[in-house]
Amino acid sequence: MSNKGHRTLVIQNGTLIDSNGGPPVENDAIVVEDTRITSVGALPGGVDLEDREAYRVIDAAGQWIMPGLIDSHCHLSFGQPIIPNLNIAKGATSPEFNTIRAAINAQKVLRAGVTSVSIPGGTWFTDVALRESINAGLIEGPRIFCAGQFIVTYGSIGDIEPWWVGTPEHSLGRLANSVSEMITEVRRQTKHGVDFIKMADSTWGDNQTISQEELSAVVDEAHRRNARISIHSRGSGSTMAAARAGVDWIMHADLATEADLYAVAEHEIRIIPTVTFLERAADVGQDYGRGTAELDLINRNLESAAETLQMARNLGIKVLAGTDSGNSPLMPYGELHANEADILVRHGGYTPMEAILAYTRENAYAVGLEDEVGIISPGKLADIIILDQDPLKDVRILQGGHHLTNVIKDGKLVALSEVSPEEKIALELTERLN
Ligand SMILES: [Zn+2]
(Lines give C-alpha, C1' and ligand atoms only; values in the text may rest on other atoms or scores of the structure.)
Protein backbone atom coordinates (compact mmCIF):
# COMPACT_ATOMS: atom_id res chain seq x y z
CA MET A 1 0.00 0.00 0.00
CA SER A 2 2.70 2.46 0.93
CA ASN A 3 5.09 3.43 -1.81
CA LYS A 4 7.12 6.50 -2.75
CA GLY A 5 9.13 6.00 0.45
CA HIS A 6 6.75 7.71 2.88
CA ARG A 7 4.62 6.09 5.48
CA THR A 8 0.89 5.63 5.35
CA LEU A 9 -0.87 7.10 8.37
CA VAL A 10 -3.43 4.94 10.17
CA ILE A 11 -5.63 6.22 12.99
CA GLN A 12 -6.98 3.29 14.95
CA ASN A 13 -9.83 3.16 17.45
CA GLY A 14 -11.56 6.14 19.04
CA THR A 15 -14.98 7.68 18.49
CA LEU A 16 -15.40 9.21 15.05
CA ILE A 17 -17.41 12.37 14.40
CA ASP A 18 -17.07 12.41 10.61
CA SER A 19 -19.22 15.55 9.96
CA ASN A 20 -21.37 13.77 7.43
CA GLY A 21 -24.27 14.57 9.74
CA GLY A 22 -24.77 11.14 11.29
CA PRO A 23 -24.19 10.20 14.93
CA PRO A 24 -20.67 9.45 16.18
CA VAL A 25 -19.45 5.90 15.54
CA GLU A 26 -16.80 3.68 17.04
CA ASN A 27 -13.83 3.94 14.75
CA ASP A 28 -11.88 0.98 13.46
CA ALA A 29 -9.38 2.66 11.16
CA ILE A 30 -8.86 5.79 9.10
CA VAL A 31 -6.17 5.38 6.45
CA VAL A 32 -4.39 8.44 5.07
CA GLU A 33 -2.16 8.24 2.02
CA ASP A 34 -0.20 11.34 1.16
CA THR A 35 -2.68 14.23 1.52
CA ARG A 36 -5.97 12.33 1.33
CA ILE A 37 -8.10 9.95 3.35
CA THR A 38 -8.30 6.69 1.44
CA SER A 39 -10.37 4.54 3.76
CA VAL A 40 -12.67 4.91 6.78
CA GLY A 41 -14.08 1.91 8.64
CA ALA A 42 -12.69 -1.61 8.73
CA LEU A 43 -8.94 -1.77 8.24
CA PRO A 44 -8.42 -2.66 4.56
CA GLY A 45 -6.94 -6.07 3.77
CA GLY A 46 -3.23 -6.27 3.14
CA VAL A 47 -2.38 -3.68 5.76
CA ASP A 48 0.27 -4.93 8.14
CA LEU A 49 0.42 -2.42 10.96
CA GLU A 50 3.44 -4.20 12.42
CA ASP A 51 5.40 -2.91 9.45
CA ARG A 52 6.41 0.34 11.10
CA GLU A 53 8.49 1.37 8.12
CA ALA A 54 5.41 1.45 5.96
CA TYR A 55 2.82 2.56 8.50
CA ARG A 56 2.65 5.21 11.14
CA VAL A 57 -0.10 4.29 13.58
CA ILE A 58 -1.93 6.61 15.98
CA ASP A 59 -3.93 4.77 18.61
CA ALA A 60 -6.94 6.96 19.43
CA ALA A 61 -8.53 4.53 21.90
CA GLY A 62 -10.67 6.49 24.38
CA GLN A 63 -10.41 9.64 22.27
CA TRP A 64 -12.53 11.59 19.75
CA ILE A 65 -11.66 12.09 16.09
CA MET A 66 -13.17 14.85 13.95
CA PRO A 67 -12.30 17.04 10.97
CA GLY A 68 -9.90 19.91 11.61
CA LEU A 69 -11.61 23.12 12.69
CA ILE A 70 -12.17 25.87 10.15
CA ASP A 71 -12.33 29.48 11.36
CA SER A 72 -14.30 31.29 8.68
CA HIS A 73 -13.36 34.73 10.01
CA CYS A 74 -9.77 35.23 11.12
CA HIS A 75 -7.19 37.94 10.35
CA LEU A 76 -3.50 37.06 10.40
CA SER A 77 -1.91 40.31 9.28
CA PHE A 78 -3.69 43.15 11.09
CA GLY A 79 -0.65 43.94 13.20
CA GLN A 80 -1.49 41.62 16.10
CA PRO A 81 -0.17 40.85 18.57
CA ILE A 82 1.01 44.34 19.41
CA ILE A 83 4.66 44.14 20.30
CA PRO A 84 5.94 46.42 23.08
CA ASN A 85 8.78 48.78 22.23
CA LEU A 86 8.46 48.22 18.52
CA ASN A 87 9.14 51.58 16.98
CA ILE A 88 6.20 51.98 14.64
CA ALA A 89 3.57 54.53 13.83
CA LYS A 90 -0.06 53.46 14.05
CA GLY A 91 -1.00 51.26 11.14
CA ALA A 92 2.40 51.54 9.60
CA THR A 93 4.33 48.46 10.63
CA SER A 94 6.58 47.66 7.72
CA PRO A 95 5.19 45.05 5.34
CA GLU A 96 8.33 42.98 5.88
CA PHE A 97 8.02 42.86 9.68
CA ASN A 98 4.30 42.34 9.47
CA THR A 99 4.68 39.34 7.16
CA ILE A 100 7.07 37.53 9.49
CA ARG A 101 4.76 38.16 12.44
CA ALA A 102 1.78 36.88 10.42
CA ALA A 103 3.72 33.68 9.64
CA ILE A 104 4.17 33.05 13.37
CA ASN A 105 0.48 33.77 13.93
CA ALA A 106 -0.38 31.13 11.33
CA GLN A 107 1.57 28.48 13.21
CA LYS A 108 -0.21 29.33 16.43
CA VAL A 109 -3.59 29.01 14.74
CA LEU A 110 -2.75 25.60 13.29
CA ARG A 111 -1.56 24.29 16.67
CA ALA A 112 -4.96 25.17 18.10
CA GLY A 113 -6.49 22.58 15.77
CA VAL A 114 -7.56 25.06 13.11
CA THR A 115 -6.53 23.52 9.81
CA SER A 116 -8.15 26.15 7.55
CA VAL A 117 -8.90 29.84 7.87
CA SER A 118 -10.86 32.28 5.78
CA ILE A 119 -9.26 35.73 5.97
CA PRO A 120 -11.64 38.55 5.13
CA GLY A 121 -9.12 41.32 4.91
CA GLY A 122 -5.49 41.95 5.63
CA THR A 123 -2.64 44.31 5.00
CA TRP A 124 -1.20 44.67 1.48
CA PHE A 125 -1.09 41.16 -0.04
CA THR A 126 0.48 39.65 3.08
CA ASP A 127 -2.05 36.83 3.35
CA VAL A 128 -1.62 35.88 -0.30
CA ALA A 129 2.13 35.50 0.31
CA LEU A 130 1.44 33.55 3.49
CA ARG A 131 -0.91 31.21 1.62
CA GLU A 132 1.72 30.64 -1.08
CA SER A 133 4.45 29.96 1.50
CA ILE A 134 2.31 27.45 3.36
CA ASN A 135 1.21 25.74 0.15
CA ALA A 136 4.83 25.54 -0.98
CA GLY A 137 5.78 23.87 2.32
CA LEU A 138 8.13 26.67 3.41
CA ILE A 139 6.29 27.18 6.68
CA GLU A 140 3.62 25.36 8.66
CA GLY A 141 0.17 26.87 8.81
CA PRO A 142 -3.50 26.33 8.12
CA ARG A 143 -4.97 26.34 4.63
CA ILE A 144 -5.62 29.96 3.75
CA PHE A 145 -8.43 31.45 1.67
CA CYS A 146 -8.01 35.20 1.70
CA ALA A 147 -9.18 38.60 0.63
CA GLY A 148 -6.89 41.62 0.31
CA GLN A 149 -7.57 45.05 1.80
CA PHE A 150 -11.23 45.89 2.34
CA ILE A 151 -12.83 47.91 -0.43
CA VAL A 152 -14.36 50.91 1.34
CA THR A 153 -16.08 54.20 0.66
CA TYR A 154 -15.59 57.34 2.75
CA GLY A 155 -16.69 56.55 6.29
CA SER A 156 -16.81 52.77 5.99
CA ILE A 157 -15.05 50.59 8.55
CA GLY A 158 -11.32 50.99 8.02
CA ASP A 159 -11.63 54.59 6.78
CA ILE A 160 -11.23 56.34 10.09
CA GLU A 161 -8.42 58.82 9.53
CA PRO A 162 -9.28 62.52 9.81
CA TRP A 163 -9.58 64.54 6.60
CA TRP A 164 -6.16 66.13 6.91
CA VAL A 165 -4.62 62.66 6.85
CA GLY A 166 -6.82 61.22 4.10
CA THR A 167 -7.01 57.45 3.56
CA PRO A 168 -3.44 56.18 3.61
CA GLU A 169 -2.38 53.48 1.17
CA HIS A 170 -1.32 51.24 4.03
CA SER A 171 -4.67 51.39 5.82
CA LEU A 172 -6.96 48.42 6.16
CA GLY A 173 -9.29 49.78 3.53
CA ARG A 174 -8.76 50.74 -0.11
CA LEU A 175 -10.84 53.77 -0.83
CA ALA A 176 -13.19 53.44 -3.83
CA ASN A 177 -16.05 55.91 -4.08
CA SER A 178 -17.67 54.93 -7.36
CA VAL A 179 -18.54 51.80 -9.30
CA SER A 180 -15.65 52.38 -11.64
CA GLU A 181 -13.11 52.78 -8.81
CA MET A 182 -14.44 49.66 -7.13
CA ILE A 183 -14.15 47.59 -10.29
CA THR A 184 -10.59 48.79 -10.83
CA GLU A 185 -9.76 47.67 -7.29
CA VAL A 186 -11.38 44.25 -7.79
CA ARG A 187 -9.27 43.82 -10.91
CA ARG A 188 -6.09 44.89 -9.10
CA GLN A 189 -6.72 42.52 -6.19
CA THR A 190 -7.67 39.51 -8.29
CA LYS A 191 -4.59 40.08 -10.45
CA HIS A 192 -2.51 39.76 -7.27
CA GLY A 193 -4.09 36.49 -6.25
CA VAL A 194 -6.81 37.11 -3.67
CA ASP A 195 -9.39 34.34 -3.37
CA PHE A 196 -12.19 36.71 -2.57
CA ILE A 197 -13.14 40.36 -2.34
CA LYS A 198 -14.04 41.96 0.98
CA MET A 199 -16.38 44.91 0.77
CA ALA A 200 -16.87 46.83 3.99
CA ASP A 201 -19.84 48.92 5.04
CA SER A 202 -20.05 51.02 8.23
CA THR A 203 -18.36 49.87 11.43
CA TRP A 204 -21.40 49.25 13.64
CA GLY A 205 -24.15 49.37 11.02
CA ASP A 206 -25.65 52.75 11.82
CA ASN A 207 -25.63 53.90 8.23
CA GLN A 208 -25.25 52.30 4.82
CA THR A 209 -22.02 53.34 3.11
CA ILE A 210 -22.20 51.27 -0.10
CA SER A 211 -25.15 51.41 -2.48
CA GLN A 212 -27.09 48.57 -4.05
CA GLU A 213 -25.85 49.56 -7.50
CA GLU A 214 -22.21 49.52 -6.37
CA LEU A 215 -22.53 46.16 -4.66
CA SER A 216 -24.21 44.53 -7.65
CA ALA A 217 -21.48 45.78 -9.98
CA VAL A 218 -18.70 44.54 -7.72
CA VAL A 219 -20.32 41.12 -7.24
CA ASP A 220 -20.54 40.70 -11.02
CA GLU A 221 -16.93 41.72 -11.55
CA ALA A 222 -15.61 39.47 -8.77
CA HIS A 223 -17.55 36.50 -10.08
CA ARG A 224 -16.39 37.13 -13.65
CA ARG A 225 -12.87 36.79 -12.29
CA ASN A 226 -13.68 33.60 -10.38
CA ALA A 227 -13.29 35.33 -7.06
CA ARG A 228 -15.85 35.14 -4.32
CA ILE A 229 -17.10 38.17 -2.49
CA SER A 230 -18.15 38.92 1.05
CA ILE A 231 -19.10 42.05 2.94
CA HIS A 232 -18.76 43.43 6.44
CA SER A 233 -22.40 44.38 6.93
CA ARG A 234 -24.05 44.90 10.27
CA GLY A 235 -26.84 47.23 9.29
CA SER A 236 -30.22 46.56 7.80
CA GLY A 237 -29.78 48.48 4.53
CA SER A 238 -26.41 47.00 3.63
CA THR A 239 -27.55 43.49 4.52
CA MET A 240 -30.59 43.76 2.24
CA ALA A 241 -28.46 45.25 -0.57
CA ALA A 242 -25.82 42.53 -0.17
CA ALA A 243 -28.46 39.81 -0.31
CA ARG A 244 -29.98 41.26 -3.46
CA ALA A 245 -26.56 41.72 -5.05
CA GLY A 246 -25.80 38.04 -4.46
CA VAL A 247 -22.62 38.22 -2.37
CA ASP A 248 -21.28 34.80 -1.38
CA TRP A 249 -21.55 35.44 2.32
CA ILE A 250 -22.33 38.25 4.72
CA MET A 251 -20.22 38.85 7.79
CA HIS A 252 -22.12 39.89 10.95
CA ALA A 253 -25.66 40.86 9.80
CA ASP A 254 -26.37 41.54 13.46
CA LEU A 255 -28.78 44.44 12.94
CA ALA A 256 -30.69 42.61 10.21
CA THR A 257 -34.46 42.82 10.34
CA GLU A 258 -36.74 39.91 9.60
CA ALA A 259 -37.28 41.28 6.07
CA ASP A 260 -33.51 41.40 5.50
CA LEU A 261 -33.12 37.81 6.61
CA TYR A 262 -36.00 36.74 4.36
CA ALA A 263 -34.00 38.20 1.46
CA VAL A 264 -30.84 36.45 2.70
CA ALA A 265 -32.73 33.15 2.85
CA GLU A 266 -34.40 33.67 -0.52
CA HIS A 267 -31.06 34.29 -2.24
CA GLU A 268 -29.52 31.36 -0.33
CA ILE A 269 -26.73 33.46 1.10
CA ARG A 270 -24.66 32.27 4.02
CA ILE A 271 -23.95 34.45 7.03
CA ILE A 272 -21.01 34.51 9.43
CA PRO A 273 -22.41 36.27 12.53
CA THR A 274 -19.08 36.30 14.41
CA VAL A 275 -20.72 36.81 17.78
CA THR A 276 -17.50 35.69 19.48
CA PHE A 277 -15.95 39.08 18.81
CA LEU A 278 -18.96 41.03 20.14
CA GLU A 279 -19.16 38.94 23.28
CA ARG A 280 -15.45 39.20 23.93
CA ALA A 281 -15.45 42.96 23.27
CA ALA A 282 -18.42 43.44 25.61
CA ASP A 283 -16.59 41.39 28.26
CA VAL A 284 -13.08 42.79 28.18
CA GLY A 285 -13.29 45.74 25.77
CA GLN A 286 -12.88 48.25 28.57
CA ASP A 287 -9.53 46.74 29.55
CA TYR A 288 -8.39 47.29 25.97
CA GLY A 289 -9.36 50.94 25.86
CA ARG A 290 -12.77 50.72 24.24
CA GLY A 291 -14.86 53.67 25.38
CA THR A 292 -18.36 53.71 26.84
CA ALA A 293 -20.03 54.93 23.63
CA GLU A 294 -18.47 52.12 21.63
CA LEU A 295 -19.27 49.54 24.28
CA ASP A 296 -22.91 50.64 24.16
CA LEU A 297 -22.98 49.94 20.43
CA ILE A 298 -21.24 46.60 20.95
CA ASN A 299 -23.81 45.58 23.56
CA ARG A 300 -26.67 46.70 21.32
CA ASN A 301 -25.30 44.64 18.40
CA LEU A 302 -24.62 41.67 20.67
CA GLU A 303 -28.22 41.59 21.83
CA SER A 304 -29.48 41.90 18.29
CA ALA A 305 -27.04 39.20 17.08
CA ALA A 306 -28.66 36.63 19.35
CA GLU A 307 -32.00 37.37 17.66
CA THR A 308 -30.37 37.17 14.24
CA LEU A 309 -29.07 33.69 15.10
CA GLN A 310 -32.50 32.46 16.06
CA MET A 311 -34.27 34.02 13.07
CA ALA A 312 -31.61 32.65 10.73
CA ARG A 313 -32.14 29.20 12.15
CA ASN A 314 -35.90 29.43 11.69
CA LEU A 315 -35.47 30.57 8.08
CA GLY A 316 -33.00 27.78 7.26
CA ILE A 317 -30.12 30.18 6.53
CA LYS A 318 -26.73 28.50 6.58
CA VAL A 319 -24.71 29.96 9.42
CA LEU A 320 -20.94 29.60 9.30
CA ALA A 321 -18.71 29.81 12.36
CA GLY A 322 -16.13 32.58 12.57
CA THR A 323 -14.52 34.52 15.37
CA ASP A 324 -12.62 37.58 14.09
CA SER A 325 -9.52 36.32 15.88
CA GLY A 326 -6.61 38.67 15.26
CA ASN A 327 -8.77 41.69 14.44
CA SER A 328 -7.48 43.63 17.48
CA PRO A 329 -5.47 43.07 20.67
CA LEU A 330 -8.48 41.63 22.49
CA MET A 331 -8.71 38.70 20.06
CA PRO A 332 -5.54 36.62 20.68
CA TYR A 333 -4.51 33.82 18.33
CA GLY A 334 -5.04 30.23 19.33
CA GLU A 335 -7.57 30.84 22.11
CA LEU A 336 -10.91 31.80 20.58
CA HIS A 337 -11.14 30.03 17.20
CA ALA A 338 -13.67 27.46 18.43
CA ASN A 339 -15.64 29.82 20.66
CA GLU A 340 -18.48 30.37 18.20
CA ALA A 341 -19.58 26.73 18.74
CA ASP A 342 -20.51 27.57 22.31
CA ILE A 343 -22.36 30.68 21.11
CA LEU A 344 -24.33 28.73 18.53
CA VAL A 345 -25.38 26.31 21.27
CA ARG A 346 -26.11 29.00 23.90
CA HIS A 347 -27.76 31.65 21.73
CA GLY A 348 -28.70 29.93 18.50
CA GLY A 349 -30.44 26.80 19.78
CA TYR A 350 -27.94 24.55 18.01
CA THR A 351 -27.12 21.06 19.17
CA PRO A 352 -23.41 20.43 19.77
CA MET A 353 -23.38 18.27 16.62
CA GLU A 354 -24.86 21.12 14.55
CA ALA A 355 -22.26 23.52 15.95
CA ILE A 356 -19.51 21.07 14.98
CA LEU A 357 -20.99 20.75 11.48
CA ALA A 358 -20.91 24.55 11.18
CA TYR A 359 -17.22 24.53 12.10
CA THR A 360 -16.32 21.78 9.66
CA ARG A 361 -18.51 20.74 6.73
CA GLU A 362 -20.35 24.09 6.42
CA ASN A 363 -17.30 26.28 6.97
CA ALA A 364 -15.53 24.52 4.10
CA TYR A 365 -17.51 26.88 1.87
CA ALA A 366 -15.70 29.92 3.28
CA VAL A 367 -12.35 28.44 2.31
CA GLY A 368 -13.47 27.44 -1.18
CA LEU A 369 -13.12 23.74 -0.39
CA GLU A 370 -16.69 22.57 0.06
CA ASP A 371 -16.84 18.79 -0.15
CA GLU A 372 -13.02 18.63 0.06
CA VAL A 373 -12.32 19.43 3.71
CA GLY A 374 -14.50 19.41 6.82
CA ILE A 375 -15.61 15.79 6.35
CA ILE A 376 -13.83 12.55 7.22
CA SER A 377 -14.59 10.27 4.28
CA PRO A 378 -12.56 8.44 1.64
CA GLY A 379 -11.32 10.87 -1.00
CA LYS A 380 -11.39 13.97 1.21
CA LEU A 381 -8.29 15.98 2.13
CA ALA A 382 -6.81 14.67 5.38
CA ASP A 383 -7.37 17.49 7.90
CA ILE A 384 -8.13 15.73 11.18
CA ILE A 385 -7.95 16.50 14.90
CA ILE A 386 -8.01 14.10 17.83
CA LEU A 387 -9.27 15.15 21.27
CA ASP A 388 -8.99 13.63 24.73
CA GLN A 389 -12.57 14.65 25.63
CA ASP A 390 -15.95 14.42 23.94
CA PRO A 391 -16.85 17.68 22.14
CA LEU A 392 -20.47 16.51 21.84
CA LYS A 393 -20.77 16.58 25.62
CA ASP A 394 -19.44 20.11 25.80
CA VAL A 395 -18.31 22.02 22.71
CA ARG A 396 -16.17 24.28 24.90
CA ILE A 397 -13.52 21.58 25.05
CA LEU A 398 -12.68 22.57 21.46
CA GLN A 399 -11.43 25.94 22.66
CA GLY A 400 -7.81 26.91 22.83
CA GLY A 401 -6.49 23.57 21.63
CA HIS A 402 -6.24 22.46 25.26
CA HIS A 403 -7.71 19.01 24.61
CA LEU A 404 -5.90 18.19 21.38
CA THR A 405 -3.75 15.09 21.24
CA ASN A 406 -3.08 15.21 17.50
CA VAL A 407 -3.51 17.64 14.63
CA ILE A 408 -3.17 16.36 11.09
CA LYS A 409 -3.20 18.81 8.22
CA ASP A 410 -2.94 17.73 4.62
CA GLY A 411 -2.03 14.24 5.81
CA LYS A 412 0.90 15.46 7.92
CA LEU A 413 1.16 15.39 11.69
CA VAL A 414 1.64 18.82 13.22
CA ALA A 415 4.16 18.90 16.06
CA LEU A 416 2.22 20.04 19.11
CA SER A 417 4.61 19.27 21.93
CA GLU A 418 7.86 20.44 20.44
CA VAL A 419 7.74 24.17 20.61
CA SER A 420 9.60 25.82 17.75
CA PRO A 421 11.78 28.86 18.46
CA GLU A 422 9.20 31.03 16.66
CA GLU A 423 6.38 29.59 18.74
CA LYS A 424 8.40 30.17 21.91
CA ILE A 425 8.75 33.84 21.04
CA ALA A 426 5.04 34.07 20.31
CA LEU A 427 4.15 32.40 23.62
CA GLU A 428 6.45 34.68 25.59
CA LEU A 429 4.97 37.67 23.87
CA THR A 430 1.46 36.62 24.74
CA GLU A 431 2.48 36.15 28.36
CA ARG A 432 4.12 39.55 28.46
CA LEU A 433 0.99 41.13 27.05
CA ASN A 434 -1.47 39.42 29.38
ZN1 LIG B 1 -13.00 40.76 10.70
Side-chain angles (χ1 to χ4, degrees), residues 70-82 91 98 102 105-106 109 114 116-124 126-128 130-131 142 144-152 156-160 171-174 189 194-205 209-210 228-235 238-239 242 247-255 270-282 284-285 288 290 294 297-298 301-302 305 308 319-340 343 359 363 365-367:
I70 302 170
D71 189 341
S72 64
H73 187 166
C74 177
H75 302 280
L76 293 180
S77 65
F78 274 177
Q80 311 303 332
I82 286 171
N98 204 47
N105 294 340
V109 170
V114 179
S116 299
V117 287
S118 187
I119 304 180
T123 50
W124 299 282
T126 310
D127 300 295
V128 173
L130 212 49
R131 181 193 70 202
I144 284 178
F145 195 76
C146 65
Q149 288 166 286
F150 305 166
I151 299 181
V152 300
S156 298
I157 189 171
D159 180 51
I160 53 166
S171 96
L172 305 185
R174 289 279 297 187
Q189 292 195 6
V194 302
D195 300 298
F196 67 102
I197 296 297
K198 165 78 175 283
M199 301 296 291
D201 205 86
S202 63
T203 306
W204 298 112
T209 63
I210 306 173
R228 285 188 169 164
I229 173 159
S230 81
I231 181 171
H232 166 100
S233 164
R234 295 190 183 274
S238 56
T239 298
V247 302
D248 293 288
W249 64 87
I250 297 171
M251 335 229 37
H252 306 296
D254 38 37
L255 300 182
R270 291 156 171 85
I271 60 172
I272 306 182
T274 320
V275 184
T276 293
F277 165 65
L278 290 174
E279 207 171 64
R280 171 103 176 139
V284 300
Y288 288 83
R290 305 238 173 192
E294 191 181 27
L297 294 174
I298 288 167
N301 286 33
L302 176 58
T308 298
V319 171
L320 310 186
T323 61
D324 230 335
S325 288
N327 77 348
S328 63
L330 61 83
M331 300 296 291
Y333 295 105
E335 283 304 314
L336 298 161
H337 304 286
N339 192 68
E340 198 82 355
I343 284 168
Y359 256 107
N363 264 2
Y365 180 82
V367 291

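One-based numbering, in listed order, for ligands and for the atoms of each.
Looking at R290 and S328, their side chains come closer than 4.5 Å, going by heavy atoms from C-beta outward.
For D324, the N/O/S atom at the shortest distance from the Zn ion (ligand 1) is named OD1.
Among the atoms of H73, an N, O or S atom falls under 2.8 Å of the Zn ion (ligand 1). For the Zn ion (ligand 1), the set of nearby N, O or S atoms under 2.8 Å includes one belonging to H75.
We find that R131 and D195 are joined by a salt bridge, their nearest charged nitrogen and carboxylate oxygen being less than 4.0 Å apart.
With R234 as the fixed residue, the side-chain hydrogen bond (donor to acceptor under 3.5 Å, both in side chains) test singles out one of T239, T274, D254: D254.
No side-chain donor-acceptor contact under 3.5 Å links D248 and S230.
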